[in-house]
Protein chains: 2
Amino acid sequence: MHSSAEENYLKAIYKLQEANGELVATSALAQLLGIHMASVTDMLKKMSTKKLVAYQKSKGFKLTEKGRLAAIGIIRKHRLWEVFLVDKLGFRWDEVHDIAEQLEHIHSQDLIDKLDAYLDFPKTDPHGDPIPDAKGVFAISKSVLLAALSPGSQGKFTGVTDHSSAFLNYLDKIGLSLGDTVKVKEVEAFDKNYTLLLKGKKSVVVSFKVANSLLISE
Amino acid sequence: MHSSAEENYLKAIYKLQEANGELVATSALAQLLGIHMASVTDMLKKMSTKKLVAYQKSKGFKLTEKGRLAAIGIIRKHRLWEVFLVDKLGFRWDEVHDIAEQLEHIHSQDLIDKLDAYLDFPKTDPHGDPIPDAKGVFAISKSVLLAALSPGSQGKFTGVTDHSSAFLNYLDKIGLSLGDTVKVKEVEAFDKNYTLLLKGKKSVVVSFKVANSLLISE
DNA sequence: CCGTAATATTAGGCTTGCCTAATTATTATT
DNA sequence: AATAATAATTAGGCAAGCCTAATATTACGG
Ligand SMILES: [Mn+2]
Ligand SMILES: [Mn+2]
Ligand SMILES: [Mn+2]
Ligand SMILES: [Mn+2]
């Protein structure tokens, strides 16, 4: 059984590896975890001994297969708990992350299996992020940033790349929800503002910054 | 916010205080928590500084009002989570304690409020133990040990004093469930075996040891 | 290729929560 | 009351995870 600290390292390393390719830097991990580099070096040596990461001194490190599977297990738990909090307990999507950060460290395979079944085996969490199955396999979803679409194209809003409360609340405010069909009506050349048509009814104008944080599928 | 270790101390002290009256001994706490006396003395000095316990060196200690309320808060969370695990996820009553031991340490008032509402404000947990309300108040329930009843008397089976899996499984096996109406048909003078009538249908014979672990109400 | 800046590691410490061994306090026994 | 047994505390240490300061390594501009 891994400690909560180890599990948080695993998640963070996984995230950085996904984003930036192979080798992860001490500095990047320290920044993501909000701790100092010396602490990261310390911990990585221990995790290396446990074969959770492959560590090359002063070069960088990456997850071993064992570490990768452990990381995916935590992510699975985090996202399933988020679904529970929103679907069953009625939390808003901007409120659940911090609680899930705690719940993801509960150790019980039986619990997570039963929770998964209770939630009817959800494929995505409240933010549109994919939930790996019990074997650690993610359903492949090909989505693109809304900011990459040209006027006239449309698709379904299926995820966000910014998970901050501020951003999620903003989306609530303008009435943009996961699953909405969105059509790019116009892209203003001057300031790159996007005019979007939602489900053919209302239209909203969002900045490039926002368009660049919305994931569109289909 | 208290650490999980502190919360476990609070719960244990509360339990001992309930069972044995006022002052709690270092040795009793050490035994209940499965740690050494020196560790308990250490921790109590810290918790005393935090005004969670009133500590009289070499005499004993007890919870302050602050400590008592904190302890009841943990018990409330533990029991609500047990209800969730049994009622919603389909765990058996003998499987939930260890998982609840972890879940009780999740810090979120909002979470526990919403969970309580989702479970429809249960008054007892799957073992018949009372769940304190949000203000820390227990509904007073006057129950007696089945072993204290004489032939002819009856009541409702509403709780157990032995929470072990072995005992709970045994009750499942003989078909005795929380809420059953139980009538004492006969008490064998020779070996103190109890012959019980369940809901007027089947009858079972249980030992004194068992009768002494069953709580009866009404 | 060299010096400097940026990255990373090492050394030494701290807090939490536990341990063992030694010492002191309390309680029980004669 | 003196002694023995039991309970409790103190002293000194350890592992996990963090920290700061010092040192080493790598990368980069000239
Ligand atoms: Mn999250
Ligand atoms: Mn999420
Ligand atoms: Mn329990
Ligand atoms: Mn219980």
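By convention in this document, chain letters (A, B, ...) are assigned in the order of the sequence lines, proteins followed by strands, and residues within each chain are numbered from 1. All values below were derived from every heavy atom in this structure, side-chain atoms included, with hydrogens, water molecules and symmetry-related copies excluded.
Of the possible donor and acceptor atoms, one in the side chain of Ser165(B) sits under 3.5 Å from a partner among the backbone N and O of Asp94(B). In terms of modelled atom types and a separation under 3.5 Å, the side chain of Arg76(B) and the main chain of Pro132(B) share a donor-acceptor contact.
One interatomic measurement links the two molecules: NE2 of His36(B) to P of dC19(C), which rounds to 5 Å at whole-angstrom precision. Rounded to whole angstrom, the span from the CG atom of Leu44(A) across to the P atom of dG17(D) amounts to 12 Å. If you take CD of Gln56(B) and P of dT26(C), they are 12 Å apart, rounded to a whole angstrom. When rounded to the nearest whole Å, the span between NZ of Lys45(B) and C1' of dC18(C) equals 14 Å. Rounded to whole Å, the distance from NZ on Lys59(B) to P on dA25(C) is 13 Å. Look at CG on Asp42(B): it is 16 Å from P on dC14(D), rounded to the nearest Å. For the pair His2(A) NE2 and dA16(D) P, the computed distance is 13 Å after rounding to whole Å. The interatomic distance linking Met37(B) (CE) with dA5(D) (P) rounds to 17 Å, in whole Å.
OP1 or OP2 of dC19(C) lies within a sub-4.0 Å distance of a side-chain N or O belonging to Ser39(B). At least one side-chain nitrogen or oxygen of Ser3(A) sits closer than 4.0 Å to the OP1 or OP2 atom of dG17(D).
Near DNA chain D, defined here as any heavy-atom distance below 4.0 Å, the residues from residues 26-35 of chain B are Thr26(B), Ser27(B), listed numerically.
At a threshold of 4.5 Å between non-hydrogen side-chain atoms, the residues Ile35(A) and Leu29(A) do not count as touching.
Taking the nucleotide of DNA chain D with the nearest heavy atom to each of Ala38(A) and Val24(B), the more 5' of the two is matched to Val24(B).
Looking at heavy-atom distances under 4.0 Å, Tyr9(B) makes contact with sugar-phosphate atoms alone, never a base. In this structure, Met43(B) reaches the sugar-phosphate backbone alone: every heavy-atom distance under 4.0 Å involves primed, P, OP1 or OP2 atoms, never a base. Within the nucleic acid shown, Tyr55(A) comes within 4.0 Å of sugar-phosphate atoms alone, with no base atom in reach, counting heavy atoms only. Backbone-only engagement by Lys57(A) is indicated by non-hydrogen atom pairs under 4.0 Å involving sugar-phosphate atoms exclusively.
If you check dA8(C), dT10(C), dA7(D) against the side chain of Ser58(A), the one that comes closest is dA8(C). Here dT16(C) is the nucleotide among dT16(C), dC19(D), dG17(D) with the atom lying nearest to any side-chain atom of Lys46(B).
Ring centers of His78(A) and His97(A): under 6.0 Å apart, within the cut-off.
In this structure, Tyr118(B) and Phe84(B) have tilted ring planes: the angle between them lies in the 30° to 60° band.
Under the 6.0 Å distance and 45° angle rule, Lys114(A) counts as a cation-pi partner of Phe91(B). Annotation: cation-pi pair Lys46(B)/Tyr9(B) absent, no NZ/CZ under 6.0 Å from the ring centroid and within 45° of its normal.
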